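A quick write-up on the structure given underneath.
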Amino acid sequence: MQALPLTFTFDEETTYFADLIIPVPIPKLFTYRVPRDMVERLKVGARVIVPFGKNRVYTAVVGRIHHQPPSTYQAKYILELLDEYPLITAYQLELFEWMAEYYLCNIGDVLNVALPSGLKITSQSKVQFNPDFDYPELLTEEEERLLAELKKHSALSYEELGRLVGETNVPTTIKSLVGKRAVIVFDEVREKYVPKMVRKVRLTERYENREQILNLINGLEKSPKQQEVVMKYLSYVPVLNNPVLNRKGLDKTVLNQDDEVSQSSLQTLIKNQVFETFEVIVPRFGDDDRPNVEVKLTEIQQRACNQVLSEFAEKDIVLLHGITGSGKTEVYINLIQHALESGSQVLYLLPEIALTTQIVVRLKKVFGDKMGIYHSKFSDNERVEVWKGIVSGQYQFVVGVRSSIFLPFDNLGLIIVDEEHETSYKQHDPAPRYHARDVAMMIAYWQKAKVLLGSATPSIETYYHAQQGRYGLVELLERYGDAMLPDIVLVNTRIEKQQRKMKNEFSSVLLEHLQQNLERKEQSILFQNRRGYSPYLQCEDCEWTSRCPNCDVSLTYHMRDAELRCHYCGHKDPVPKSCPACGSFKVRTIGFGTEKLEDQLQIVFPEARILRMDLDTTRAKNAYQQIISEFEGGNVDILVGTQMISKGLDFGNVSLVGIFDADRMIHYPEFRAVERAFQMITQVSGRAGRRADRRGKVLIQTSNPQQAVLLKVLENDYKGLFEEEIVERQNFNYPPFSRLIKLTIRHSEQSVSLQASQRLVAQLTEKLGDARVLGPEVPLVERIRNQFLYTILIKLERSISPKAAKVFILDKINELLSDKGLKAVTVVADVDCL
DNA sequence: AGCACGCCGACT
DNA sequence: GTCGGCGTGCTC
């Protein structure tokens, strides 16, 4: 008997292996064997299906193809190839690798957020009856019931079985059935993306000329119904005049529209091979209106445009510092057209909320179906269509949110980052914690594209680079047309309180102006950057306050839903009727949010039509758009909202803006607080008086009108603010003078969390020195979801290589976590944290 | 991330 | 005695 060889010898020339990116948080690529018949077709950047672990199947992306067999394990085979042409471009692969390294995360994490889930694969386990099974006496009653259902169907998923059998423990039963070899479990893999298909009808090829059609019509003299169908087709598709049109055919539903009789006639005609049916993939975005609306630039805008172009001649990045209402959009449109004409692609990034507004409508009018829209509110299928539309060349231009930096562009000429200072460009929660603006710059660098950053209130970092000459700087500091900047007034709430003129949260000045505005039938906007009714409840008789059981925060009172909610973990409690600690009925609300403002406002102005816009009122699918159009239509007198109202809204009739709690924004314990407050207040103020006929009014309620930031806001003095802030940044070595990496350490036990943090700090300090390592600190919220948090902040000056430092940091983290007893500790790194 | 394996408490 | 808790480790 001949023994089988224990080791294989691979022919270096013919055996192929592929290193794959698996969408799972694992730090390395996995090597799989390429089946012989796949070798020719497999490309780097294509998606494949692979077995992974026990009983799992994943879509992976080919990162590398080579001949080296792994030495310590036997590679599994790739099961299937999904793309004949790479779906991921070489640029994207480079981008994924760079992001994983730069943002200290796994490449699988990057892949996970980069691919719209429509391009991922769902692997659903299906169960099937085993026809070879013949020991029914072994089964329990439960198992028999399940098996009976399985015999009726060819294969069922766990969910389907659950539905048919009712609420029993399906997975357990299946497991035992598998053990008894009564059923077989297998994975059904399918692509989630389903293209939208339309069934069409056309004449068969031999009727594609005038003569044959006339013959056909005459020949149908005796079948009037069929003749009618042919005539109807011809009325929609004038094949007689232009035979080529027949190729495109006609929607079958159009032909069948009005009566059922024509359906059977059509069926006969198809059977007789007069007509044929076929299917086409149609894009989900209607390519309805023909574009090319002429955009005229004012002289100032034209000058700005030319300046940007001439800056681009020397610099790759230009900051367009344009105040609200200066007409930045027109400049963008002009530059986009310019870039598209030269044959390159354009990406226009916008913060999430701004994208739902007028800007997109405007761009659509100009660019029509050349423009793709990439937005989180769109369905997966729609996103996949944008993705594929870029690959196919249909979309040369995409307007999109943060994640659109992952789209498969390969020939970008221009990237616009609008509202460049917006913090929503930084992804917070799942890795990769990337900043879309910074990644966009990297992409532009690779593709030799230009980047235009736009903002009325640039981030300190960006303005510094512009000032240093690293970026070009173009300013557009005049409002469009004759529109005047609003008149900003500070209202001293401390004095009003002393004089007892405050009515709840409202100063007398603000109420007067609101009253005036109501009489004049002009609209007002009130801004309070806090949702809910009040941030907490407090008992007047004892010390009880509403607190989250899982997090170290107060529970916010939401009046409308009669609930106490945690804004961190989502915990909900009903509102207690009396104090849970002492039973007292004197439970008060402390502080105020948008809901309370709305409530109190309605009492003061019972006739006023008031609308609230915050996370709670815009959760429903079209709620945001609805509120906006109601306000636009003039059905609302006062709009109360959170920062959501500060972006992209452009209403003509708003002449008053009221800002609450400016002090809280300014004194937030964070080095960017002043910058943020200035940006926010300026943005909100910009909503006032965007028309020429009257100057808008902005009232800022503050207990200390002497604060430097507020004076800068009054004078609209961005540069003044910058000069002050940049000194602070330099003194304390904050960005742009350093790069920040924040490490958050988490564990369910405080002592473990603290111990791990202290050890990590000690380890890091050894090499980096204690000036560069700050902490461990107790964060603002020290417990979330029952995990105790500590943070370590690492400051790296711009002169030292962040690459080497990151490798070191990662090493130390892994060293820490490999320690027995600290296995359950989580360390999260946030590079360039905000 | 999943998922399996494995080692300690409250139940038939 | 077992069922099931979640701590730990592995996935080509």
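Each chain gets a letter, A, B and so on, in the order the sequences are listed, and its residues count up from 1. Everything quoted here is computed from the prediction, not taken from an experiment. All values below were derived from every heavy atom in this structure, side-chain atoms included, with hydrogens, water molecules and symmetry-related copies excluded.
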Is the phosphate of B/dG2, meaning OP1 or OP2, less than 4.0 Å from a side-chain N or O of A/Tyr58? yes
A/Ile22 CD1 to B/dG2 C1': how many Å, rounded? 13 Å
Interatomic distance where CD belongs to A/Gln68 and P belongs to C/dC12 [whole Å]: 20 Å
For A/Tyr434, is the NZ or CZ atom of A/Lys426 found under 6.0 angstrom from the centre of its six-membered ring and inside 45 degrees of the ring axis? no
Roughly, in whole Å, what's the span from CD in A/Glu749 to C1' in C/dG7? 13 Å
Could you tell me the separation between the NE2 atom of A/His66 and the C1' atom of C/dC12, rounded to a whole number of Å? 10 Å
Return the value, rounded to whole Å, for the distance between atom CD1 of A/Ile65 and atom P of C/dC12. 20 Å
Base, sugar-phosphate, or nothing for A/Tyr32, non-hydrogen atoms under 4.0 angstrom? sugar-phosphate
Need one value for A/Ile26: base, sugar-phosphate or nothing, where a base atom within 4.0 Å counts as base even if backbone is also close, heavy atoms only. base
Establish, with yes or no, whether the OP1 or OP2 oxygen of C/dT8 is under 4.0 angstrom from a side-chain nitrogen or oxygen of A/Lys823. no
Does a donor on one side chain sit under 3.5 Å from an acceptor on the other, for A/Gln427 and A/Arg433? no
Is the base of C/dC12 touched by the side chain of A/Tyr73 through a donor-acceptor pair closer than 3.5 angstrom? yes
Whole-Å distance between C/dT11 C1' and A/Gln74 CD? 16 Å
Rounded to the nearest Å, what distance is computed from the CG atom of residue A/Asn814 to the P atom of nucleotide C/dG9? 14 Å
Can we say A/Asp19 and A/Arg64 salt-bridge, meaning some charged N sits less than 4.0 Å from an Asp/Glu carboxylate O? yes
Is the shortest side-chain heavy-atom distance between A/His747 and A/Thr826 below 4.5 Å? no
Check the distance between C/dT11's C1' and A/Lys28's NZ and give it to me in whole angstrom. 9 Å
